[in-house]
S.K.: 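Starting off with a structure, shown below.
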Number of protein chains: 2
Amino acid sequence: MTTKPLIDYFEKFLPLNEEEKSIVENVFKERTIKRRQFILQEGDVCKHNTFVVEGCFKMYMVDENGKEHNLQFAVENWWIGDIGSFHSEAPSRLYIEALENSIILQAKKEDQLKLFVEYPKFNRIFRVLAENAMVSLQNRILQNISSTAEERYLSFLEKRPQLFNRISNVQIASYLGVTPEFLSTIRKKIAKS
Amino acid sequence: MTTKPLIDYFEKFLPLNEEEKSIVENVFKERTIKRRQFILQEGDVCKHNTFVVEGCFKMYMVDENGKEHNLQFAVENWWIGDIGSFHSEAPSRLYIEALENSIILQAKKEDQLKLFVEYPKFNRIFRVLAENAMVSLQNRILQNISSTAEERYLSFLEKRPQLFNRISNVQIASYLGVTPEFLSTIRKKIAKS
DNA sequence: ATTTATCATTAAAATAAATCAAGATGGAAA
DNA sequence: TTTCCATCTTGATTTATTTTAATGATAAAT
């Protein structure tokens with residue numbers, strides 16, 4: 001019963017009855033992923049919606065110069081996936097790679113759609129999830145267009161302290177949109193003050 | 001029947017029956033908004049979800065130095081609102097201001113919730129809307145962390161050509177996260193090449 | 001155990017972008 | 001018409017950030 005963390009997660013939004021719990025167990029399949037393994041690569045269609053039970057992932061784009069740009073990290077109790085590709089079934093521009101050995105739960109698109117059609121409660125839960133994600137993304141954009149890199153780094157430390165000890169500064173720099181070298185000078189400046 | 005554009009909009013996602021069309025007419029109220037008028041101000045709770053029938057709005061934050069940072073524009077057939085504040089009922093940090101004389105349709109929170117509970121179809125439509133919004137926001141973040149201001153401006157012109165002739169460069173600069181002066185030098189450089 | 005890759009840091013030079021100050025333009029308003 | 005205000009532009013200066021290159025430290029691979 002690895003689906004327990006996911007059921008607990010859903011129940012933070014709306015309580016589930018026994019039937020709904022058992023459909024979650026049927027729809028979401030457990031997978032074990034090793035560090036450095038990919039669950040999505042550029043050019044592939046994103047066929048799964050992924051919930052992280054244990055471990056850590058990054059989702060990133062590779063630009064024309066071969067540089068990686070981290071769009072998102074996901075640790076325990078986070079969702080990750082290229083929703084755009086998942087819905088449109090167009091090839092993704094993104095990679096999703098495990099930063100640690102991980103355990104995930106995945107739903108295939110057709111199963112998740114069935115869930116939405118047959119169990120309206122999940123429709124409601126996923127609407128709220130998407131809206132919450134929108135709010136975080138909007139806040140991140142506001143930060144990006146209004147703050148310096150130093151302010152963005154401080155705010156990242158404040159908002160995601162769990163990640164600070166778990167992810168290398170190279171990865172954090174890529175998420176913030178600065179070079180690792182510049183992040184290093186920012187850290188030096190902060191340490192001094 | 002100003003709700004017609006909204007009904008047409010919903011039907012691009014899922015067809016509505018007569019009952020559903022009439023509930024849309026009941027829930028969404030028309031308002032006329034003059035240029036420079038606010039429909040949300042910092043400190044207020046965002047009590048409405050807004051659909052733009054005609055006109056143009058900007059949603060922005062004012063930083064500690066008094067500078068405005070545009071998070072979003074909305075023209076015909078776009079939604080605008082501070083979803084975070086709408087859901088949490090916490091005071092908003094954002095302003096929403098009309099850039100032109102406008103006509104909007106607004107639903108109060110309790111009415112919209114009733115819609116979601118009693119007419120599951122709208123739950124589904126709004127889930128898809130939120131997911132689409134997530135995709136655009138993710139793409140914008142990727143752009144912000146991976147591109148120069150010039151690339152961001154060119155991409156804005158390509159993606160939102162309707163806005164190019166309709167919105168001042170000051171507003172576009174604020175949306176891109178650069179100063180109007182620097183946007184001017186970008187434009188000069190592009191014109192030369 | 002040794003080699004190899006990744007990571008974090010530093011510094012100098014180069015570029016991107018913000019700030020400051022000023023002038024030109026054109027439409028709105030009196 | 002004249003005044004006024006917002007917009008756009010320009011150039012000089014300063015600050016933020018990237019690039020390049022080099023180094024020591026650590027972790028991964030052989």
Side-chain angles (χ1 to χ4, degrees), chain A residues 34-37 55-56 58 60 62-70 73 95 97-102 142-157 163-193, chain B residues 34-37 56 58 60 62-70 73 97-101 143-157 163-193:
Chain A
K34 290 219 182 100
R35 183 175 145 85
R36 283 169 208 265
Q37 192 179 336
C56 181
K58 63 173 173 178
Y60 60 93
V62 177
D63 70 20
E64 61 278 14
N65 305 314
K67 286 190 186 154
E68 297 182 7
H69 301 276
N70 287 340
F73 299 117
Y95 296 81
E97 182 184 342
L99 292 171
E100 305 171 1
N101 294 333
S102 304
L142 273 180
Q143 274 256 96
N144 279 336
I145 65 176
S146 69
S147 317
T148 64
E150 181 179 345
E151 290 166 328
R152 272 162 16 230
Y153 177 64
L154 286 170
S155 147
F156 176 82
L157 289 189
L163 293 182
F164 168 66
N165 301 311
R166 204 164 165 180
I167 293 182
S168 75
N169 287 324
V170 175
Q171 299 305 326
I172 293 174
S174 165
Y175 177 88
L176 296 174
V178 297
T179 59
E181 292 89 345
F182 188 54
L183 179 55
S184 192
T185 77
I186 289 172
R187 285 160 52 78
K188 190 169 120 190
K189 192 186 157 202
I190 290 171
K192 271 190 195 163
S193 61
Chain B
K34 289 218 181 97
R35 183 175 147 86
R36 284 169 208 267
Q37 192 178 338
C56 181
K58 62 174 173 176
Y60 61 94
V62 176
D63 69 20
E64 61 280 12
N65 305 314
K67 286 191 184 153
E68 297 182 7
H69 301 277
N70 288 339
F73 299 117
E97 182 185 342
L99 292 171
E100 305 171 0
N101 294 332
Q143 273 256 95
N144 279 336
I145 65 177
S146 69
S147 318
T148 63
E150 181 178 345
E151 290 166 328
R152 278 174 357 243
Y153 177 65
L154 287 170
S155 149
F156 176 83
L157 290 189
L163 292 182
F164 167 65
N165 300 310
R166 203 164 164 180
I167 293 182
S168 76
N169 288 322
V170 175
Q171 299 305 327
I172 293 174
S174 166
Y175 177 90
L176 296 174
V178 296
T179 59
E181 292 91 339
F182 189 54
L183 180 56
S184 189
T185 77
I186 289 172
R187 286 160 51 78
K188 190 170 123 188
K189 191 185 158 201
I190 291 170
K192 270 188 195 162
S193 63

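By convention in this document, chain letters (A, B, ...) are assigned in the order of the sequence lines, proteins followed by strands, and residues within each chain are numbered from 1.
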S.K.: Which sits closer to the 5' end of DNA chain D, A:L183 or B:I167, going by the nucleotide each is nearest to?
M.R.: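 Upstream on the strand: B:I167.
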S.K.: Please round to the nearest 0.5 Å and tell me the distance separating atom CD1 of A:I167 and atom CG of A:N70.
M.R.: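 Rounded to the nearest 0.5 Å, the CD1-CG separation comes out at 8.0 Å.
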S.K.: Given that A:A149 and B:P180 both sit by DNA chain D, which one's nearest nucleotide is further toward the 5' end?
M.R.: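 Its nearest nucleotide lies further toward 5', so the answer is B:P180.
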S.K.: Distance check needed: C:dA16 P versus B:R152 CZ, whole Å only.
M.R.: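 It is 13 Å, rounded to the nearest whole Å.
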S.K.: Counting only side-chain heavy atoms from C-beta out, which of D:dT9, D:dT19, C:dA18 sits nearest to A:K67?
M.R.: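 Nearest to the side-chain atoms of A:K67, counting from C-beta on, is D:dT19.
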S.K.: Out of curiosity, B:R187 CZ to B:Y153 OH, how far, rounded to the nearest 0.5 Å?
M.R.: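 Here the interatomic distance stands at 4.0 Å.
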S.K.: Which heavy atom in B:E151 sits nearest to a heavy atom in B:S146, and how many Å separate them?
M.R.: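 Smallest heavy-atom distance, with atoms named: OE1-O, 4.4 Å.
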S.K.: Taking CG from A:N101 and P from D:dA27, how many angstroms apart are they, rounded to a whole number?
M.R.: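 Checked: the CG to P distance equals 17 Å.
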S.K.: Indicate the atoms forming the closest heavy-atom contact of B:N144 with A:I145, along with that distance.
M.R.: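 That would be ND2-CG2, 4.2 Å.
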S.K.: I need the CG-P distance between B:D63 and C:dA18, as an integer number of Å.
M.R.: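 After rounding, the reported distance stands at 13 Å.
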S.K.: Could you tell me the separation between the CZ atom of A:F182 and the P atom of C:dA16, rounded to a whole number of Å?
M.R.: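 Answer to the nearest Å: 15 Å.
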S.K.: Let's see if you can work this out: which of C:dA8, C:dA11, C:dA18 has an atom nearest to the side-chain heavy atoms of A:K188?
M.R.: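 Of all the options, the side chain of A:K188 is nearest to C:dA11.
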S.K.: Please determine whether a side-chain nitrogen or oxygen atom of B:N169 lies at a distance below 4.0 Å from atom OP1 or OP2 of D:dT7.
M.R.: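 Checking D:dT7 against B:N169, no side-chain N or O comes under 4.0 Å of OP1 or OP2.
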S.K.: Please examine the side chains of A:E97 and A:Y60, heavy atoms only from C-beta on, and report whether any two atoms are closer than 4.5 Å.
M.R.: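 Side chain of A:Y60 against side chain of A:E97, heavy atoms only: contact under 4.5 Å found.
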S.K.: What's the closest nucleotide to the B:T179 side chain, out of C:dT19, C:dA8, D:dA28?
M.R.: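 Within the option list, the nearest is C:dT19.
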S.K.: For C:dT9, does either OP1 or OP2 sit under 4.0 Å from a side-chain N or O belonging to A:R187?
M.R.: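 A:R187 to C:dT9 OP1/OP2: side-chain N or O found under 4.0 Å.
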S.K.: With sequence neighbours left out, what residues match A:E100 under salt bridge (charged side-chain N to carboxylate O under 4.0 Å, His left out)?
M.R.: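 By the salt bridge (charged side-chain N to carboxylate O under 4.0 Å, His left out) rule, A:E100 matches A:R166.
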S.K.: Please state how far atom CZ in B:R36 lies from atom P in D:dC5, giving the value in whole angstrom units.
M.R.: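 In whole Å, D:dC5 P and B:R36 CZ are 12 Å from each other.
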S.K.: By the 4.0 Å heavy-atom rule, please label A:E181 as base, sugar-phosphate, or nothing.
M.R.: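 Base: the residue A:E181, judged by heavy atoms under 4.0 Å, touches a nucleobase.
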S.K.: In whole Å, I'd like the distance from the CD1 atom of A:I186 to the P atom of D:dT15.
M.R.: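 For the pair A:I186 CD1 and D:dT15 P, the rounded distance is 17 Å.
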S.K.: Base, sugar-phosphate alone, or nothing: which one does B:S168 contact when heavy atoms must sit under 4.0 Å apart?
M.R.: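 Sugar-phosphate: the residue B:S168, judged by heavy atoms under 4.0 Å, touches backbone atoms but no base.
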S.K.: What is the distance, rounded to the nearest whole Å, between atom CG of B:N144 and atom P of C:dA17?
M.R.: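 Spelled out: CG on B:N144 to P on C:dA17 is 12 Å.
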S.K.: Whole-Å distance between C:dC7 C1' and A:I172 CD1?
M.R.: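 Going from CD1 in A:I172 over to C1' in C:dC7 covers 12 Å.
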S.K.: Provide the closest heavy-atom pair for B:F73 versus B:Q171 in the form atom of the first, atom of the second, distance.
M.R.: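 It is CZ-O, 3.5 Å.
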S.K.: Using the C1' atoms of five pairs at each end, what's the angle between the two axes of the helix from C:dA8-D:dT23 to C:dA30-D:dT1, to 10 degrees?
M.R.: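 The angle, to the nearest 10 degrees, is 40°.
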S.K.: Could you work out which one of D:dT17, D:dT10, C:dT19 sits closest to the side chain of A:T148?
M.R.: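 Looking only at side-chain atoms, A:T148 lies closest to D:dT17.
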S.K.: Quick one: CD on B:E150 to CG on B:L183, what's the gap to the nearest 0.5 Å?
M.R.: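 Here the rounded value is 10.5 Å.
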